Structure formats: C-alpha cells, structure tokens
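From a predicted model like this one, the values you see are computed outputs, not experimental measurements.
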Amino acid sequence: MTHEEKRRILEELGIPGDSAEFYLGLESDIWAILPVFRLLKPLNDDLIFYQGEYKRLIERYREEGRLVERMPEEARLIESGASPEDIEKLAYSLTLQAYEMLLYRMDDRGGAESPADDDTKEAYEKCGYWKLVEMSQDGKPTGRYLNTVHGYLPFSLL
C-alpha cells in the first residue's frame with residue numbers, strides 16, 4: 001500500500017490531513033499506524049454518539065413518555081434538575097475516561113502491581129506481558145506492533 005493510499009484511508013477514518021501525515025511518519029517496520037486507527041475507529045464513533053445523539057435520544061424518549069422505562073437513571077437525573085445536555089456531557093466524559101484507561105492498560109507492559117506476598121509475587125513476576133500486533137489478511141501476525149493506542153481519542157482533537 002502506498003503512502004498516499006494510507007493517508008487517504010486515515011482521512012476517511014476521520015483523521016485530519018496534517019495529523020494523518022504526522023502519524024504515517026511514525027510508521028516503521030516495527031510500528032503499524034493504520035491498524036491503530038482502525039482499532040480505535042469504532043470507539044471514536046461511539047464517542048461521537050455522545051455529542052448530540054445521546055441528548056436527542058433522551059429528549060425523544062421524554063417526548064414519547066418512555067424515558068422512565070427506557071432510561072431510568074437519566075429520568076431521575078432530569079427529575080433532580082439535570083439537563084439532557086449535562087447528562088450527555090457527563091456520559092461523554094465518563095466514556096472517554098473509560099476508553100483512555102483501558103487503552104492505556106493495553107499499552108502497559110507492566111500490567112497490574114505485584115502482590116505483596118513474596119511467594120505469589122515471584123510467580124506473578126514470571127507472567128508474560130502483552131503487545132497488540134497487526135494481523136495480515138490470513139490471520140498471521142505481521143511482526144508490527146500497534147503502539148501507543150491511548151491518547152488518540154477523540155479524533156477531532158488530533
């Protein structure tokens with residue numbers, strides 16, 4: 001695949017042109033940039049839902065009289081004085097934080113802290129670690145890693 005083809009695909013995924021060029025400059029025999037953004041695209045799409053669609057969904061259920069049935073937590077928040085806009089902002093913020101924490105952990109070779117017990121700690125330290133790898137169309141690893149998958153969401157900030 002040529003550099004221009006990769007750039008076009010990144011732009012179609014929602015990465016601005018200058019950012020696409022920057023990230024393609026990081027790609028190497030070791031790092032796979034395009035698969036990073038392909039992995040993140042569905043998550044980014046979910047975030048976009050919390051920028052207008054979620055509020056509209058709350059308002060639609062409210063107008064239909066089904067808010068309590070369909071979204072009881074949101075109904076209680078509105079009853080307590082929260083606006084659909086505030087609920088949407090909170091949902092967006094919490095979703096982004098959850099994605100970032102998970103993606104950061106997926107990149108963290110160290111994983112969780114070792115247990116305090118010496119015997120358990122020794123066994124724990126023998127555990128391997130993980131890396132996200134690009135797979136070819138035949139399902140075999142290409143040998144290139146998906147590096148630093150956190151910090152890229154939302155695409156609109158790139």
Side-chain angles (χ1 to χ4, degrees), residues 6-27 31-121 123-125 127-135 144-158:
K6 290 178 185 177
R7 180 185 167 125
R8 181 185 52 78
I9 290 171
L10 284 175
E11 288 175 351
E12 287 176 4
L13 289 174
I15 312 303
D18 291 345
S19 294
E21 196 61 44
F22 170 79
Y23 291 115
L24 284 172
L26 301 176
E27 189 169 64
W31 310 119
I33 297 300
L34 192 57
V36 166
F37 288 102
R38 184 175 182 207
L39 168 72
L40 298 177
K41 174 70 163 90
L43 302 179
N44 193 71
D45 290 347
D46 289 345
L47 278 176
I48 291 169
F49 170 76
Y50 293 108
Q51 292 181 322
E53 290 301 315
Y54 187 57
K55 180 185 87 157
R56 283 191 281 279
L57 182 64
I58 292 170
E59 290 170 343
R60 188 182 91 213
Y61 286 149
R62 194 176 181 188
E63 289 169 9
E64 294 172 356
R66 300 186 314 145
L67 186 61
V68 172
E69 169 194 339
R70 299 299 304 255
M71 303 173 101
E73 293 83 6
E74 289 83 343
R76 283 194 298 277
L77 287 169
I78 289 172
E79 190 175 300
S80 298
S83 70
E85 292 83 6
D86 290 340
I87 295 169
E88 181 178 70
K89 287 177 186 175
L90 177 63
Y92 176 90
S93 177
L94 293 173
T95 301
L96 180 58
Q97 287 177 40
Y99 285 166
E100 280 297 309
M101 287 186 277
L102 178 62
L103 293 169
Y104 181 78
R105 281 291 161 216
M106 289 171 69
D107 265 351
D108 180 19
R109 292 178 19 161
E113 296 296 320
S114 298
D117 176 81
D118 287 339
D119 293 334
T120 308
K121 187 174 183 175
Y124 194 85
E125 289 172 350
C127 292
Y129 61 87
W130 52 89
K131 286 186 178 183
L132 295 171
V133 281
E134 176 187 40
M135 305 295 279
R144 296 189 331 156
Y145 300 107
L146 281 61
N147 189 40
T148 318
V149 295
H150 66 282
Y152 294 155
L153 295 176
F155 290 176
S156 61
L157 295 181
L158 297 178

Solution key, residues 145-158 side-chain donor-acceptor pairs under 3.5 Å, sequence neighbours excluded:
{"residue": "His150", "atom": "ND1", "partner": "Asp107", "partner atom": "OD2", "Å": "3.1"}

*Please lay out, stage by stage, how Leu40 and Leu13 fare under the test side-chain contact (heavy atoms from CB on, under 4.5 Å).*
CA-CA 9 Å; Leu40 298 177; Leu13 289 174; over 6 Å; no
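Phe37 and Tyr23 have their aromatic ring centers within a separation under 6.0 angstrom.
To the nearest 0.5 Å, the span separating CG on Leu24 from CG on Leu10 amounts to 5.0 Å. Atom CZ of Arg76 and atom CG of Leu67 lie 10.5 Å apart (nearest 0.5 Å). Leu39 contributes atom CG, which lies 12.0 Å from atom CD of Glu134 (distance to the nearest 0.5 angstrom).
The main-chain N or O of Ala91 is found under 3.5 Å from a side-chain atom of Thr95 such that the two form a donor-acceptor pair.
A heavy-atom distance below 4.5 Å is not found between the side chains of Arg144 and Trp31.
Applying the salt bridge (charged side-chain N to carboxylate O under 4.0 Å, His left out) definition to pairs two or more places apart or across chains, those involving residues 59-68 are Arg60-Glu64, Glu64-Arg66. For residues 38-48, every residue pair satisfying the side-chain hydrogen bond (donor to acceptor under 3.5 Å, both in side chains) rule, not counting sequence neighbours, is listed here: Lys41-Asp45, Asp46-Tyr99. For residues 145-158, the set of pairs meeting the salt bridge (charged side-chain N to carboxylate O under 4.0 Å, His left out) definition, not counting sequence neighbours, is empty. Applying the salt bridge (charged side-chain N to carboxylate O under 4.0 Å, His left out) test to pairs two or more places apart or on separate chains, those with a residue in residues 9-21 are Arg7-Glu11, Arg7-Glu21, Arg8-Glu12.
Atom NZ of Lys6 sits in a crowded spot, with more than 12 heavy atoms from other residues, nucleotides or ligands closer than 6.0 Å.
Every residue two or more places apart in sequence or in another chain that forms a side-chain contact (heavy atoms from CB on, under 4.5 Å) with Ala82 is listed here: Leu77, Ile87.
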